[in-house]
Structure formats: C-alpha cells, structure tokens
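First comes the structure, then the notes that go with it.
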2 protein chains.
Amino acid sequence: MDQNKEDRLEGAGWRVGNAEDFLELTPEEAAFVELKLALAHFLRDVRMQQGWTQAQTAKRLGSSQSRFAKMEAADASVSVDLLVKSLLGLGATREQVGQVIARAA
Amino acid sequence: MDQNKEDRLEGAGWRVGNAEDFLELTPEEAAFVELKLALAHFLRDVRMQQGWTQAQTAKRLGSSQSRFAKMEAADASVSVDLLVKSLLGLGATREQVGQVIARAA
DNA sequence: CCAGTATATGTCCGATCCGACATAGTCGTC
DNA sequence: GACGACTATGTCGGATCGGACATATACTGG
C-alpha cells in the first residue's frame with residue numbers, strides 16, 4: 001500500500017496497520033506468519049502455473065481439497081512442515097523454497 | 001566426502017550412500033530431511049556464536065534442554081515449525097532462515 | 001577417581017495437526 | 001436463475017508434536 005492511500009484512509013477515520021499490530025503479535029510471531037503466508041502464496045502460484053485445481057493437486061499430494069484450500073490460505077491449522085512438504089512434493093526445489101522464505105521471490 | 005575416500009571404503013567392502021539410499025526415501029523426503037538438518041545445524045551455530053548452553057537457550061525460548069538437544073539433532077519429533085520459530089526467537093532473520101534452506105549458507 | 005557441567009536419549013500426556021467429510025459460498029455458462 | 005465446476009469453511013477422530021522429567025553419557029578440572 002502506498003503512502004498516499006494510507007494517508008487518505010487514516011484521514012477518513014481508518015487505522016492502517018498489519019497483522020502484527022492488530023493481533024498484538026511479537027516481532028517473531030509476525031515474521032513467522034509472514035513467512036507462512038509467503039509459502040502459501042507460492043504454493044498457489046505453483047499450482048496455477050500448472051493449471052491445476054485444488055482437488056487435483058491435493059490428490060497428487062495424498063491430501064484433500066479442503067486441506068489444500070487451507071494451505072493456500074495459510075490457515076492456522078496448517079504447519080510450515082506441511083507447506084514445505086507439499087511444495088517439494090509438487091516439484092519445487094529447496095532453493096526455491098529458501099528464496100521464497102528469504103523474500104527474494 | 002571426497003571421491004578417494006569413497007573408493008577406498010567401497011574397496012574395503014563398504015557401501016557409501018546417504019540417508020536417501022539407506023532409508024529408501026523418495027527424493028522429496030530426502031530433500032525435506034536435508035532441509036531440516038540444515039536448520040538444525042544453523043540453530044547450533046547461532047547458539048554457539050553466542051556462547052550459550054542448550055539449557056540457557058532453551059529457557060530463553062520457553063522450552064527445555066532435552067527438546068533443544070533434539071532440535072539440534074533434527075530429531076524426528078521436532079518439526080520445521082519448531083526449528084523456524086526457535087531461530088526467529090533467537091534473533092535470526094527471515095532472510096537468514098531462507099538462505100540456510102536454500103543452501104546458500 | 002570424583003564432582004560438576006554440558007549434552008543426549010527415552011517416555012509421558014496434553015496440545016496441535018491433518019485427512020476426511022459435509023456443506024456453504026463463488027463464478028461462469030447456458 | 002439453475003446448473004456445474006471450483007474454492008472456502010466447520011468439524012471430527014486419529015496421528016503427530018512439544019514441554020517436562022528422568023536418566024544416561026561425555027567432558028573437564030581438581
């Protein structure tokens with residue numbers, strides 16, 4: 001979000017922040033959820049890149065459509081383990097996973 | 001391990017391989033355990049860098065010496081979640097974690 | 001040797017995770 | 001606006017994880 005938009009929103013009575021502020025997370029907790037979100041987003045990218053549905057992809061991984069949806073949503077009930085295993089299972093490399101975590105991509 | 005040593009060992013009746021061969025892991029499984037080992041190793045590095053004991057470090061993280069030992073050993077009972085959370089809790093950055101995973105460090 | 005300190009290993013049980021199912025919402029096409 | 005294909009959300013039972021404790025092993029200085 002650019003600065004102008006922030007200003008306009010705040011001027012209109014909104015407070016602009018992030019998950020950290022709103023949920024009062026510690027910096028580590030915030031970093032952790034951001035990291036999870038990055039993996040989840042990448043998982044969606046990988047799937048879409050192949051033109052697959054959630055159901056297809058889940059099956060390929062030995063999971064279910066509902067769980068896969070939660071993975072892509074970075075639901076609280078999905079672990080980083082599951083995200084990483086799923087990405088590797090879909091053919092992503094360790095390097096790619098690392099880059100996504102490091103924010104580089 | 002360098003090639004010479006491998007040859008000598010194999011000549012002496014040893015088979016040289018890795019966890020993947022021995023435990024018959026799929027490539028993804030192997031990549032996953034290597035990734036875990038890299039994080040565990042980095043965790044030890046971070047701790048030693050500060051000159052802390054396992055007990056001290058564990059306490060700082062709200063955990064126990066025994067569990068921390070298992071973390072450093074990449075024990076089967078520790079998740080990537082725990083490793084990542086612990087690293088972030090000790091002050092490592094998302095970037096560093098990503099680099100370790102990507103093998104860069 | 002022994003005491004003290006550090007690290008490793010085994011086990012328990014409460015907490016969390018995950019696959020599965022059901023169901024609800026979304027979007028395009030006819 | 002009904003249908004079909006896709007995605008999101010709620011819940012449950014079995015599986016795995018994690019902090020704690022006990023105990024074992026490793027190393028060091030006296």
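Residue numbering restarts at 1 for every chain, and letters A, B, ... go by the order of the sequence lines.
Distances shown here put every side-chain N or O of B:Arg47 at or beyond 4.0 Å from the OP1 or OP2 atom of C:dA6. Using a 4.0 Å cut-off, no side-chain N or O of B:Arg44 falls inside it from OP1 or OP2 of C:dA6.
Scanning all heavy atoms of the two residues, the minimum distance from A:Gln96 to A:Gly91 falls at OE1-O, 4.3 Å. Residues B:Lys36 and B:Asp75 approach most closely at NZ-O, 3.4 Å, considering heavy atoms. The two atoms that bring A:Asp81 and B:Ser79 nearest to each other are OD1-CB, 3.3 Å, heavy atoms only. Here the shortest heavy-atom pairing between B:Thr93 and B:Leu88 reads C-CD2, 4.1 Å.
Contacts of residues 57-67 of chain B with DNA chain C (heavy atom under 4.0 Å): B:Gln65, B:Ser66.
One can find a donor-acceptor pair under 3.5 Å joining the base of D:dG10 and the side-chain atoms of A:Lys70.
To the nearest angstrom, C1' of D:dC17 lies 17 Å from CZ of B:Phe68. Atom CZ of A:Phe32 and atom P of C:dT16 are 14 Å apart (whole Å). Taking atom CE of A:Met71 as the reference point, atom P of C:dC17 lies 13 Å away to the nearest angstrom. One can place CG of B:Asp75 at 8 Å from P of C:dT9, the figure rounded to the nearest angstrom. Remark: C1' of C:dT9 and CD of B:Gln54 are 12 Å apart, rounded to the nearest angstrom.
In this structure, A:Lys85 does not pair ionically with B:Glu28, as no charged nitrogen and carboxylate oxygen lie closer than 4.0 Å.
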Subject >> B:Glu72 and B:Arg47: CA distance, side-chain angles, deciding distance, salt bridge (Lys or Arg N to Asp or Glu O under 4.0 Å) verdict >> reply: CA-CA 10 Å; B:Glu72 287 190 353; B:Arg47 174 176 68 85; 2.6 Å; yes
**OP:** May I have the step-by-step check of side-chain contact (heavy atoms from CB on, under 4.5 Å) for A:Lys59 and A:Ser64, ending in yes or no?
**Re:** CA-CA 6 Å; A:Lys59 185 165 201 177; A:Ser64 59; over 6 Å; no
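Summary of the strand contacts: B:Ala55 and B:Lys85 both lie near DNA chain C, and taking for each the nucleotide with the nearest heavy atom, the more 5' one is attributed to B:Ala55. If you find the closest nucleotide of DNA chain C to B:Asp81 and to B:Glu72, the one lying nearer the 5' end belongs to B:Glu72.
Comparing atom distances between the B:Ala69 side chain and each of D:dC6, C:dT9, D:dG19 picks out C:dT9 as nearest.
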